[in-house]
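Taking it in order: structure first as structure tokens, then the write-up.
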Amino acid sequence: MSDVAKLILDGKEYEFPITVGSEQERGIDISTLRARTGHITLDQGYGNTGSCQSAITYIDGDKGILRYRGIPIEQFANGPNFIEVAWLLIFGRLPDETEYRSFADELTHEANIDEGMRHHFDSFPRKAPPMAILASMVSALSCFHPEFMDLTDEERFCAAAARLISKIRTIAAFAYRHAKGLPYIYPDPNLKFVHNFLHMMFSMPYDQFICDDLVRDALNLILILHADHEQNCSTSTVRMVGSSQANLFASCSAGIGALWGPLHGGANVAVLQMLEKIHNGNLTPEEYVKLAKDKESGVRLMGFGHRVYKNFDPRAKLIGDIANELLPRLGVHDPLLDIARRLEEIALEDPYFIERNLYPNVDFYSGIILRAIGIPTDMFTVIFAIGRLPGWIAHWWEQNQAPSRIARPRQIYVGNGMTDYTPMPGRK
Ligand code: SDX
């Protein structure tokens with residue numbers, strides 16, 4: 001295969017080098033295009049545009065492959081805990097016992113938040129969206145941890161990463177407790193990451209939450225499966241903001257905002273709302289699928305489709321397996337799971353979805369599990385953010401390690417030509 005691409009413009013031929021990735025992905029390097037040809041490319045939604053070279057996560061959307069630092073996600077199904085995988089994503093290899101212990105101990109030690117931050121929660125309205133609180137309070141960490149504004153050395157970066165991964169749990173749990181009018185439950189240093197989070201969510205001062213190992217392991221795997229996904233919308237946002245040398249907390253807060261959208265991480269909430277609408281008798285699964293195929297309806301089969309996966313999202317399969325195992329073991333029969341399975345059955349046999357390569361994605365079944373654990377719908381995307389945070393941190397650090405330029409895309413202007421200002425009195 002050629003190692004250059006040729007472009008003919010106005011009779012002149014230009015050559016551009018082709019970059020080949022470690023999995024043989026090929027990209028035309030157009031970094032000199034505008035200087036040499038006066039042209040830019042246009043690619044709405046960046047479906048054909050690589051923003052960077054990255055060594056963190058590999059996806060093959062046609063084969064349904066997802067690997068973190070080369071390790072297939074299927075191999076995480078019965079093994080590591082979320083913190084070990086977070087370390088892998090951020091530092092590029094699995095930690096040894098000492099490294100893991102030191103990182104885990106730092107998370108335990110740094111789980112609490114400044115009392116000044118805790119008081120902020122009291123000023124949010126009870127019905128404030130938890131994602132709004134999460135974005136605000138993650139950004140507010142910049143106020144309470146000025147020592148982490150400048151992260152040039154790895155040791156200080158590692159300390160900031162540990163604090164952020166640990167405290168986002170506490171912030172999330174406090175947001176939930178505030179919404180419920182419940183007392184804040186402080187982190188317990190004797191509990192591991194997931195258990196400690198569920199403790200802060202569900203314990204009472206007089207009644208410690210008992211964590212079922214199955215629930216702990218299910219949530220641990222869900223966080224792992226959400227941990228990174230190469231240049232998705234929120235991760236690209238974190239890289240974009242980080243490219244201006246904005247600090248880690250501000251960059252991840254921006255990622256939370258991007259994740260909130262229903263086309264992205266907010267889809268897990270939209271899936272539950274879709275299933276509840278069907279369950280409440282408004283529509284049958286067949287009627288809903290029919291609507292989702294009708295462009296005029298503005299309805300989509302939420303939790304289906306993906307920009308990259310044109311095959312099964314490997315995470316959806318693993319999360320579907322968790323749902324199949326967890327709910328019966330908890331003695332939970334959720335009619336929404338039956339509806340989800342029926343929707344999947346119908347869609348996978350329907351030419352509309354088959355022709356467009358639309359399959360269940362990571363969000364299709366995750367909400368069913370979170371609901372069975374007792375996590376309310378408006379906290380689903382918050383859980384996604386807790387899971388995705390190590391990926392955002394890894395990409396922020398990868399970008400800041402390499403000499404990079406501020407991200408600044410171009411545009412094709414389609415507005416007014418030169419226009420004079422007309423003073424107010426003369427205006428019609
Ligand atoms: C996540 O990027 C990532 O990696 C994201 C993520 C991650 O881990 O970070 O994987 C997490 O965001 C998963 C996606 C969650 N979103 C949803 O489940 C929302 C429902 N899905 C869609 O809106 C859509 O599939 C997207 C947003 C996920 C992907 O959109 P694309 O790639 O821009 O696809 P498209 O909108 O161009 O659709 C192509 C065709 C269109 O039909 P035609 O114009 O060709 O006739 O497929 C149709 C679309 O109308 N289509 C759907 C559909 N998704 C696409 N039709 C009905 N229901 C759907 N869900």
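In what follows, residues are counted from 1 in the order of the sequence shown. Both ligands and their constituent atoms are indexed starting at 1 by order of listing.
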The answer for which part of R315 has a heavy atom under 4.0 Å from ligand 1 is side chain
Any heavy atom of R356 under 4.0 Å from ligand 1? The part involved is side chain
Parallel, tilted or perpendicular: rings of F157 and W397 (30°, 60°) | parallel
Who's closest to atom 58 (N) of ligand 1 heavy-atom-wise, of V362, L301, N232?
-> L301
Sort out for me which residue in K293, R356, K290 forms a salt bridge (Lys or Arg N to Asp or Glu O under 4.0 Å) with D350.
-> K293
Any N or O of L263 closer than 3.5 Å to N or O of ligand 1 | yes
Would you please indicate if the ring centroids of F209 and H199 are separated by under 6.0 Å?
-> no
D313 bridged to K317 by N-O distance under 4.0 Å = no
Out of H226, R307, R300, whose heavy atom sits nearest atom 35 (P) of ligand 1?
-> R300
E345 bridged to R342 by N-O distance under 4.0 Å | yes
Just checking, is any N or O donor in the side chain of T108 or D105 under 3.5 Å from an acceptor N or O on the other one?
-> no
Heavy-atom proximity to atom 15 (C) of ligand 1, picking from L259, L66, D363, V289, points to D363
Short version for D313: what comes under 4.0 Å of ligand 1, heavy atoms counted, is neither
Any N or O of L358 that comes nearer than 3.5 Å to an N or O of ligand 1?
-> no
Would F364 count as a contact of ligand 1 if the rule is a heavy atom under 4.0 Å away?
-> no
What about C233: any of its N or O atoms under 3.5 Å from an N or O on ligand 1?
-> no
Contacts of F16 meeting ring-ring contact (aromatic ring centres under 6.0 Å, His included) (sequence neighbours excluded), chain-then-number -> none
Which option, Q44, K295, H229, owns the non-hydrogen atom nearest atom 46 (O) of ligand 1?
-> K295
